[in-house]
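One structure is given here, and the rest of the page talks about it.
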Amino acid sequence: MCTFAAQQLEKAEAVIIDAIRLGVLPDVVTYNTLVSTYCRLVGIDAAYSILYRMREAGINPDVITYNSLIAGAAKHCSLSRSLDLFDEMLQMGIPPDVWSYNTLMHCFFKVGKPDEANRVFRDIILSNLSPCAATYNIVINGLCKNGYTGNAFMLFRNLQHHGFIPQLVTYNILINGLCKSGRLGAARRILKELGESGNVPNAISYTTVMKCCFRSRKFEQGLEIFAEMKSKGYTFDAFTYCTAIGALVKIGRIKEANECIEQMVKNGIELDIVSYNTLINLYCKEGKFEDAYMLLDEIEKGGLECDKYTHTILIDGLCKAGNIDGALQHLKCMDRLDSNLVAYNCFIDGLCKSGHIDYAMRVFESMEVKDSFTYTSLVHNLCKVRRFHSASKLLLSCIRGGMKILKSTQRAVLRGLRSSGFSRQAKRLKSKIRLAKILHC
DNA sequence: GTAGGGTTAG
């Protein structure tokens, strides 16, 4: 929990103590507010302990108390806890409302159990609880997040036929689903439909489509959307700025990225950790490491915490600038964090790019988990220093491991073998690749 | 009390 949140929570508790002293006793609404706040800022156990406080004070929890707890457990991806709380609520004789079911459904979708979620959805439809707009939003969102964007789209259309009027958030959910499944054209059509529906698209609708353009490397199209937002007078938030800045950095338009930052600061946007990461990334790409480290201090002073992105961005930047020791320090920070594959991939690529390819190979050997980025980096860089036989070996083990590797990297290995007089090996490698791909079909 | 967008690597 960040310092600011902790202080606010402390203040809230102090107000309650004062109120009790003055003879004003907290009621169920007060406790429910505490439960949801503790869920959000501290954790499910802390929130659950509020239940004891309520009971001690002689106040019975209600459906809202339990809904908050179920949602809190879902937030921490604890399905069993959510289910236990649901049962506990039933045992206490508190009848669940449509929100209890909504939350449970959301929970199933979140942990990747769409069938169970659909069962809850059916229960809502069959029960005498009427589904609300959020019920449909949760189902459409859940289907999208679980890889059933097509079904989500069908449900959306079906509901429209039955008189359901989608809300702005419904459109945004669908746009996001379509974008994430690579259907940029459909997403743009829905964005247009949203504009004609009587709803007004918001920054979220635009930012989602803009991001999708960038992801599919349609940078000009994405930047056009950014410009359109500007001309329509949208107030940008950190999300919009970070999306645009990230893309500008990627295509090397550093000056414009800096202009965006200026605007962002001028507009008084409070920087969160993602915004800081975006800025640090820009400074690293410019080689301004002193500025990047100044931001690290600012993060700490502001009560925020660096995350895996912060360290990964620095590892990448420092390595590429040849500062291996600096990168190693951040890699050590990452050992505490659960996922650091991207960081190691950056480290390997950076080592190669700064001329330490054997060091990179040793790091590679020591890694337990590798992905196609790990292999591609090494294979590509081995080709660059004309070590085609090692590259060929790694390329094959990558494909045999069922991972994809860039076509250009494959071509570089084959071309390298041929050009250095190993045409037969190249031919053999090609057929081995073909076989490995068939086996993984 | 609920649902939607942003940052890293080949």
Side-chain angles (χ1 to χ4, degrees), chain A residues 29 32-33 35-37 39-40 62-72 74 97-103 105-106 109-110 132-142 144-145 167-177 179-180 202-212 214 236-247 249-250 272-282 284-285 307-317 319-320 339-350 352-353 371-381 398 404-406 408-409:
Chain A
V29 179
N32 285 350
T33 312
V35 167
S36 74
T37 311
C39 273
R40 211 176 58 235
D62 63 6
V63 63
I64 297 178
T65 324
Y66 273 97
N67 286 353
S68 298
L69 286 168
I70 295 168
D97 65 4
V98 69
W99 276 109
S100 321
Y101 285 103
N102 283 352
T103 313
M105 197 167 61
H106 176 57
F109 274 128
K110 208 174 160 186
C132 59
T135 311
Y136 298 123
N137 293 340
I138 291 169
V139 178
I140 295 173
N141 185 43
C144 288
K145 294 274 157 67
Q167 302 168 313
L168 171 61
V169 62
T170 325
Y171 279 101
N172 285 349
I173 286 169
L174 187 62
I175 289 172
N176 185 40
C179 283
K180 291 277 153 64
N202 63 3
I204 297 180
S205 334
Y206 280 108
T207 310
T208 310
V209 179
M210 182 167 83
K211 169 74 191 158
C212 182
F214 294 147
F236 296 160
D237 59 9
F239 283 74
T240 317
Y241 277 117
C242 289
T243 311
I245 295 168
V249 171
K250 205 157 265 170
D272 60 6
I273 190 63
V274 179
S275 315
Y276 274 114
N277 290 343
T278 308
L279 303 200
I280 291 173
N281 187 37
L282 169 61
C284 283
K285 294 286 185 302
D307 60 7
K308 63 175 182 180
Y309 286 89
T310 326
H311 294 298
T312 306
I313 288 164
L314 279 158
I315 289 165
D316 186 53
C319 261
K320 286 200 172 107
S339 158
N340 54 10
L341 177 60
V342 182
Y344 270 95
N345 287 347
C346 290
F347 190 53
I348 284 192
D349 194 57
C352 292
K353 289 214 165 77
D371 67 359
S372 75
F373 277 85
T374 332
Y375 281 95
T376 312
S377 258
L378 260 181
V379 173
H380 184 79
N381 282 294
C398 176
K404 281 186 177 157
I405 195 158
L406 288 179
S408 57
T409 309

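Quantities reported herein were computed from a predicted structural model and do not represent experimental measurements. Order of the sequence lines sets the chain letters (A, B, ...), proteins ahead of strands, with each chain counted from 1. Side chains included, hydrogens not; waters and symmetry mates left out as well; all remaining heavy atoms used.
For A:Asp237 against B:dG5, a side-chain N or O and a base N or O form a donor-acceptor pair under 3.5 Å. A:Asn202 contributes no side-chain N or O that forms a donor-acceptor pair with the base of B:dG5 under 3.5 Å. With hydrogens and angles ignored, a donor-acceptor pair under 3.5 angstrom links the side chain of A:Ser275 to the base of B:dG6. At a cut-off of 3.5 angstrom, counting only N and O atoms as typed in the model, there is a donor on one side and an acceptor on the other between the side-chain of A:Thr376 and the base of B:dG10. For A:Ser372 against B:dG10, a side-chain-to-base donor-acceptor contact under 3.5 Å is present.
In terms of the salt bridge (charged side-chain N to carboxylate O under 4.0 Å, His left out) criterion, residue partners of A:Asp316 (sequence neighbours excluded) are, by chain and number, A:Lys285, A:Lys320. Annotation: salt bridge (charged side-chain N to carboxylate O under 4.0 Å, His left out) contacts of A:Lys145 (sequence neighbours excluded): none.
For the atom pair CG (A:Leu282) and CG (A:Asn277), the distance works out to 12.5 Å, reported to the nearest 0.5 Å. Put simply, SG on A:Cys319 and CG on A:Asp349 are 8.5 Å apart, with the number rounded to the nearest 0.5 Å. For the atom pair CZ (A:Phe239) and OG1 (A:Thr278), the distance works out to 10.5 Å, reported to the nearest 0.5 Å.
B:dG5 atom P lies 15 Å from atom CD of A:Gln167, rounded to whole Å. Distance, A:Lys211 NZ to B:dT8 P: 6 Å, rounded to whole Å. Look at NZ on A:Lys180: it is 7 Å from C1' on B:dG5, rounded to the nearest Å. One interatomic measurement links the two molecules: OH of A:Tyr344 to C1' of B:dA9, which rounds to 15 Å at whole-angstrom precision. Residue A:Tyr276 contributes atom OH, which lies 19 Å from atom C1' of B:dT8 at whole-angstrom precision. If you take CD1 of A:Ile313 and P of B:dA9, they are 8 Å apart, rounded to a whole angstrom. The interatomic distance linking A:Asn277 (CG) with B:dT7 (P) rounds to 11 Å, in whole Å. To the nearest angstrom, P of B:dA9 lies 17 Å from CG of A:Leu378.
With its ring centre under 5.5 Å from that of the base six-membered ring and a plane angle below 30°, A:Tyr309 counts as stacked on B:dT7.
Distances from the side chain of A:Leu406 to the nucleotides B:dG4, B:dA9, B:dG10 place B:dG10 closest. You'll find that the side chain of A:Val342 is closest to B:dT8, out of B:dG10, B:dT8, B:dG6. The listed nucleotides are B:dT7, B:dA3, B:dT8; the one nearest the side chain of A:Val274 is B:dT7. The side chain of A:Ala134 approaches B:dA3 more closely than any other nucleotide in the set B:dA3, B:dG6, B:dG5. Listed nucleotides: B:dA3, B:dG1, B:dG6. Nearest to the side chain of A:Cys242: B:dG6. When each of B:dG5, B:dA3, B:dG4 is scored by its nearest atom to the side-chain atoms of A:Asn172, the top-ranked nucleotide is B:dG4.
A:Thr278 comes within 4.0 angstrom of sugar-phosphate atoms only, judged by non-hydrogen atoms across all strands, and of no base. Counting non-hydrogen atoms under 4.0 angstrom, A:Asp316 reaches the backbone sugars and phosphates but no base. Across all strands shown, A:Leu168 has heavy atoms under 4.0 Å from base atoms, whether or not it also approaches the sugar-phosphate. In this structure, A:Ala133 reaches neither bases nor backbone, as no heavy-atom distance under 4.0 Å exists between it and the strands shown. At the heavy-atom level, A:Ala71 lies nowhere under 4.0 Å from the strands shown. Within 4.0 Å of A:Lys250, counting heavy atoms only, lie sugar-phosphate atoms of the nucleic acid but no base atom. At a threshold of 4.0 angstrom between heavy atoms, the contacts of A:Cys346 are confined to the sugar-phosphate backbone, with no base atom among them. Residue A:Asp97 is in base contact, counting any heavy-atom pair closer than 4.0 Å across all strands shown. A:Thr240 comes within 4.0 angstrom of a nucleotide base, judged by non-hydrogen atoms across all strands. Residue A:Thr243 is in sugar-phosphate contact alone, with no base atom involved, counting any heavy-atom pair closer than 4.0 Å across all strands shown. Across all strands shown, A:Thr208 has heavy atoms under 4.0 Å from sugar-phosphate atoms exclusively, and none from any base.
Contact check, A:Lys285 against B:dT7: no side-chain N or O comes under 4.0 Å of OP1 or OP2. Contact check, A:Lys320 against B:dG10: a side-chain N or O comes under 4.0 Å of OP1 or OP2. Taking side-chain N and O atoms only, A:Asn281 has no distance below 4.0 Å to OP1 or OP2 of B:dT7. Between B:dA3 and A:Asn141, no contact under 4.0 Å exists linking OP1 or OP2 to a side-chain N or O. Residue A:Lys145 places at least one side-chain N or O closer than 4.0 Å to OP1 or OP2 of B:dG5.
A donor-acceptor pair under 3.5 Å is absent between the side-chain atoms of A:Asn176 and the main chain of A:Cys179, judged by distance alone. Checking side-chain atoms of A:Asn281 against main-chain N and O of A:Cys284 turns up no donor-acceptor pair under 3.5 Å.
A side-chain donor from one of A:Asp62 and A:Thr65 sits under 3.5 Å from a side-chain acceptor of the other.
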